[in-house]
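Not measured: the values here are computed from a predicted model. Lettering of chains follows the sequences in order, A, B, ..., and the numbering in each one begins at 1.
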Amino acid sequence: MVQPFPGMSAEQARLHFSSVLDETQDLVGGVWENQDDPIARGCLLPVFSEGISFPALRTSDGPRDPEATADEVLEAWSGWGYDVERVSIGSVIQLLGTTEQEETIIFRVNERAMTLQGESECRPA
Amino acid sequence: MLFDVAALFTSVALGPVAEAFGVHENSQQIVATTTFDGPLITFHAALPAIRPDSIPDAPPLPFIGPEPSSSPIERVQGTRLLQQISLVPADGIPLFVQANATELAGLLASPPAATEVTSWWNSLGYESRTALRSATPEVVGNLDGVPYTVRDLANRDVLDETMAHLERVIAAENGRTVVENAKRQLKMLTSISDSLGPKTAGRTLMTLDVTGQGRAAIVLGDLRTADYVSYLVPGMFFTIENQMGDWVDAAARLYDEQLSWLALLDGDPDATVATVAWIGYPTPNLLNVGGLENAYEGRDSLAGAITGLQSLRADDEPYVSVIAHSYGSTAALMALTEDDFEIDALAMVGSPGSPAKSVDELHVRDANVWVGEAAWDPIPNSSYFGSDPGSEGYGAKRMGVSGTTDSITRQVLTGSLGHNEYFSPGTESMRNFALIGIGHGELVSDGPRP
């Protein structure tokens with residue numbers, strides 16, 4: 001995994017974020033379709049200066065055991081330094097991982113599908 | 001500027017041209033008997049070509065947007081103009097456009113029904129369509145009922161040409177006021193261009209007005225085929241110059257959210273979505289936020305946009321939702337009360353009120369109306385513009401925006417605070433918007449009762 005570091009550029013933040021997604025995909029398995037939006041998104045850096053972050057959206061068929069899969073991802077993300085929130089919405093288990101630098105990563109899983117999305121850390125454009 | 005100079009030529013040559021094209025307001029001539037030999041050739045020799053470079057650097061005219069109440073007579077005139085265009089040979093269209101610039105501008109101010117525009121456009125040959133797009137891209141790019149791919153091409157042409165023109169004006173340095181105005185306008189258009197991205201990114205410039213405060217609508221996904229279409233309508237203080245990028249980002253987040261939930265929930269693995277970052281009306285500022293004039297324009301523009309979609313997709317109608325914020329909710333509620341069309345779902349956040357007294361008055365199927373109010377948002381409950389959609393008597397469903405509770409730790413999760421946090425990534429409100437927009441309201445988290 002590409003490790004983050006203070007003062008990294010937007011592109012470096014994107015590379016780190018992509019590597020987290022790749023590692024998560026490898027962890028849970030499955031064949032993933034990449035639907036990443038190619039256009040960066042605006043965000044705010046302290047103090048009210050503009051930055052950019054890079055989004056991602058990946059989808060795959062559902063695993064045999066969604067609960068166990070969610071547990072695996074939660075444990076991995078926690079170990080990688082993310083604050084992870086877990087909720088259930090209908091049949092879907094959602095994990096929301098965030099960092100102090102406001103990188104956001106969302107994993108959703110049920111028997112039908114797995115989705116992985118989010119935005120890299122906000123860095124100067 | 002184009003309309004300004006073209007109008008001058010039209011007024012000079014209107015006599016013979018009016019006879020040829022039957023443009024007179026009180027004309028009793030039936031268009032079908034009008035011919036275009038002889039007078040057309042003579043008239044063509046009298047008019048020079050009009051190019052952006054030859055236009056004096058004047059401040060842009062205010063956009064002639066939809067009138068607050070377009071009369072039936074005005075719409076009939078628009079229909080008549082379309083009929084007249086149908087009879088012009090393709091190589092005569094540039095001349096017709098020059099001679100009828102005022103009438104064409106009026107077409108946007110009082111457009112015919114989108115269904116009529118669609119039928120009319122489909123009746124034109126390829127060469128005529130191409131000629132129209134080239135000769136009057138501002139009209140073609142903004143006329144509801146014209147296909148979106150055509151509108152995108154026309155609007156991109158206008159965007160690129162206007163930006164190039166403004167850069168020349170700035171470089172020429174002909175007066176401080178002229179240069180400052182040009183810089184301001186260029187900044188606004190640059191925000192649109194940046195949000196649109198390259199053609200390969202697949203975004204569509206559905207609406208564009210380069211003058212004054214500007215108007216724009218950028219689409220993610222394909223409106224021609226999307227199963228679910230969501231319009232995001234902004235409110236006060238949202239300007240093209242400063243918030244176009246933010247609003248397109250919000251539409252992009254919603255797009256991703258909807259695709260994620262469709263993959264997890266929907267029986268159709270090929271279902272697609274489109275989200276529209278719609279700043280199609282002049283959003284109010286501090287000076288006029290207390291009035292409803294801008295809301296009237298928003299009402300008409302939004303109604304036109306949605307009926308245009310429903311006209312083009314009459315045989316394959318998508319699930320249509322509106323996600324409206326703040327003052328934008330008032331405009332949306334007006335459209336859904338007063339105009340003759342229906343949508344499938346409506347979500348409002350930060351609403352200052354509505355002329356409708358309950359969801360029963362809204363043209364939203366199955367009463368699929370949600371309202372959300374973030375903590376510390378001062379605008380909801382104000383009822384400034386009428387009934388409060390969040391009140392129990394209104395009948396709207398409450399939508400959670402303040403963060404749900406972790407099912408394991410019982411910790412309150414990511415929520416929205418204040419008037420402008422509803423569209424941030426990873427929030428409960430963004431998730432609920434997505435679910436509402438794809439017809440899964442049963443999974444929308446509840447909001448607190450007043």
key: Salt-bridge contact A:Asp37-B:Arg253 (side-chain N to carboxylate O under 4.0 Å)   = no
ask   = Can you list the steps and then say if A:Val92 with B:Trp261 is a side-chain contact (heavy atoms from CB on, under 4.5 Å)?
value = CA-CA 9 Å; A:Val92 175; B:Trp261 286 105; 3.6 Å; yes
request  = Against chain A, label B:Asp256 side chain, backbone, both or neither, depending on which of its atoms sit under 4.5 Å from a heavy atom there.
outcome  = both
note = When every non-hydrogen atom of A:Ala113 is compared with those of B:Ala263, the smallest separation belongs to CB-O, 3.3 Å
inquiry  = Is the shortest side-chain heavy-atom distance between B:Leu259 and A:Thr59 below 4.5 Å?
reply    = no
key: Gap between atom CG of B:Leu265 and atom CG of A:Asn110 - 0.5 Å precision   = 6.5 Å
ask   = Where does A:Glu102 contact chain B at under 4.5 Å (heavy atoms): side chain, backbone, both or neither?
value = neither
request  = Starting at OG of B:Ser195, measure out to CZ of A:Arg41 and round the result to the nearest 0.5 Å.
outcome  = 12.0 Å
task = Check whether B:Thr200 gets within reach of chain A through its side chain, its backbone, both or neither, counting any heavy atom under 4.5 Å.
result = neither
query = For the atom pair CD (B:Glu257) and CD1 (A:Ile106), what is the distance rounded to the nearest 0.5 Å?
reply = 5.0 Å
remark   = Rounded to the nearest 0.5 Å, the CZ atom of A:Arg58 sits from the OG atom of B:Ser260 at a distance of 13.5 Å
ask   = If you measure from OG on A:Ser91 to CG on B:Leu443, what distance do you get to the nearest 0.5 Å?
value = 7.5 Å
CZ on A:Arg112 to CG on B:Leu264, rounded to 0.5 Å = 8.5 Å
